[in-house]
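Quick notes on the structure that follows.
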There are 2 protein chains.
Amino acid sequence: MMNASKADPTPTANGSLPTQRRTYSIGELARMFEVTPRTIRFYEQEGLLAPERRGQTRIYHEKDRVRLKLTLRGKRLGFSLAEIREVIEMYDAMPDGNARQLKRLLEILADKRNNMERQLEDIRLMQRELDDVEMRAREVLERLDH
Amino acid sequence: MMNASKADPTPTANGSLPTQRRTYSIGELARMFEVTPRTIRFYEQEGLLAPERRGQTRIYHEKDRVRLKLTLRGKRLGFSLAEIREVIEMYDAMPDGNARQLKRLLEILADKRNNMERQLEDIRLMQRELDDVEMRAREVLERLDH
DNA sequence: CAACCACTTTACGTTAACGTCAACGTCGTC
DNA sequence: GACGACGTTGACGTTAACGTAAAGTGGTTG
């Protein structure tokens, strides 16, 4: 778990076209993010994606690519697919969402925020541990090299 | 996943005794960290803990408590139990570890570090997304309230 | 046209990380 | 001495997130 450093393709180096009409096949998308097509289909089955269909074949637009990107980022942060879907669904339902739904969404967001804070702290602490262990390891190595 | 905010009990408010001789039962530890005894036994089975035994019964010392704490923190950061164990084992084997082992440990640590960096970036990005979604949600709410 | 992709659906398999019983031993206490 | 709270070891069950294999469709290329 927790790999991949070449991902996150963001070719925003264009002249900011009004609407990017680029589309992607499932295979393209899979290579882009270093996942398998199976994974992408699974995310669709779980309600995280809803690509267009040309016959049987799936056609992905920018919107879908962004969703996938956010989904994978959420995963790296330890969110379950169900949690991610919940946010995505509420986000989509926002424009015509009723007050209760919106307040619920704000609650969820606050929750996620707490999560982030906690994780930041965890990372800080973990980095200290790593520093510590590394120092000790280097010391022992030093002694071995005489 | 990703809950609990009352955990991390660190009663370091004593007069720094030379060696804290406090011990814990499995139930105490479980309540402390808001996990079940089953979880703690499972971690032992996976080689993450190795408590003393008084007859059949497990007795946990400070060292065990710290390990459990680190383990749970690692989990919140998305590490698998296997990964965590690997680090713990190498850490324990450090004092008499050979050079190859130690270099391997340093590699692993560097890897974890990269992980942390990536996660920090992910968190920053995610926080922006949350900001954005929250803003939009508040706007819609505003309009609903007339 | 055959061969080869890349795509599709269906369905069963797998792994990690526990949950959930059952069946039993050991205290303290009422 | 029965009862409840806590501990123990199996052993089987469960869930999430895919992997994998089988069998078929549709385009293009030598």
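To find a chain, count down the sequence lines: A is the first, B the second, and so on, and within it residues start at 1.
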Can you tell me the distance, in whole Å, between the [atom1] atom of [X] and the [atom2] atom of [N]?
X	N	atom1	atom2	value
B:Leu29	D:dT8	CG	P	11 Å
A:Arg41	D:dA21	CZ	C1'	13 Å
A:Glu44	C:dT10	CD	C1'	15 Å
B:Leu68	C:dA17	CG	P	15 Å
B:Ile84	C:dA17	CD1	P	8 Å
A:Tyr60	C:dA6	OH	P	16 Å
A:Phe33	D:dA17	CZ	C1'	19 Å
B:Gln45	D:dT9	CD	C1'	11 Å

Ion pair [X]/[Y], N-O distance below 4.0 Å:
X	Y	answer
B:Arg136	B:Glu139	no
B:Arg100	B:Glu107	no
A:Asp92	A:Arg67	yes
B:Lys103	A:Glu134	no

*asked:* Is there a side-chain contact between B:Ser25 and the phosphate of D:dG7, meaning an N or O under 4.0 Å from OP1 or OP2?
replied: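 It does, given that an N or O in the side chain of B:Ser25 lies less than 4.0 Å from OP1 or OP2 of D:dG7.
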*So does B:Arg53 get a side-chain nitrogen or oxygen closer than 4.0 Å to the phosphate oxygens (OP1/OP2) of D:dG7?*
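For D:dG7, OP1/OP2 do not have a side-chain N/O of B:Arg53 under 4.0 Å.
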*Residue closer to the 5' end of DNA chain D, B:Arg31 versus B:Arg58 (nearest nucleotide)*: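 Between the two, 5'-proximity favours B:Arg31.
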*Evaluate the side chain to side chain contact (heavy atoms under 4.5 Å, CB included) criterion for residues B:Val133 and A:Met90: first the C-alpha distance (whole Å), next the side-chain angles of each, then the deciding distance (0.1 Å), finally the verdict.*
CA-CA 10 Å; B:Val133 176; A:Met90 304 200 80; over 6 Å; no
When you compare the protein's N or O atoms with those of nucleotides 18-23 of chain C, which come within less than 3.5 Å of each other, and at what distance?
unit_1 : atom_1 : unit_2  : atom_2 : d
C:dC18 : OP2    : B:Tyr43 : OH     : 2.6
C:dC18 : OP2    : B:Lys75 : NZ     : 2.9
C:dG19 : OP2    : B:Thr36 : OG1    : 2.7
C:dG19 : OP2    : B:Thr39 : OG1    : 3.4
C:dG19 : N7     : B:Arg38 : NE     : 3.1
C:dG19 : O6     : B:Arg38 : NH2    : 2.9
C:dT20 : O4     : B:Arg38 : NE     : 3.3

*Trace of the side-chain hydrogen bond (donor to acceptor under 3.5 Å, both in side chains) decision for A:Tyr24 with A:Glu62*: CA-CA 8 Å; A:Tyr24 309 89; A:Glu62 275 310 311; 2.3 Å; yes
*Should A:Met116 and B:Leu72 be regarded as members of a common hydrophobic cluster, given that ILVMFWY residues are connected when their side-chain heavy atoms come within less than 4.5 Å of each other, either directly or indirectly?*
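In one cluster: yes.
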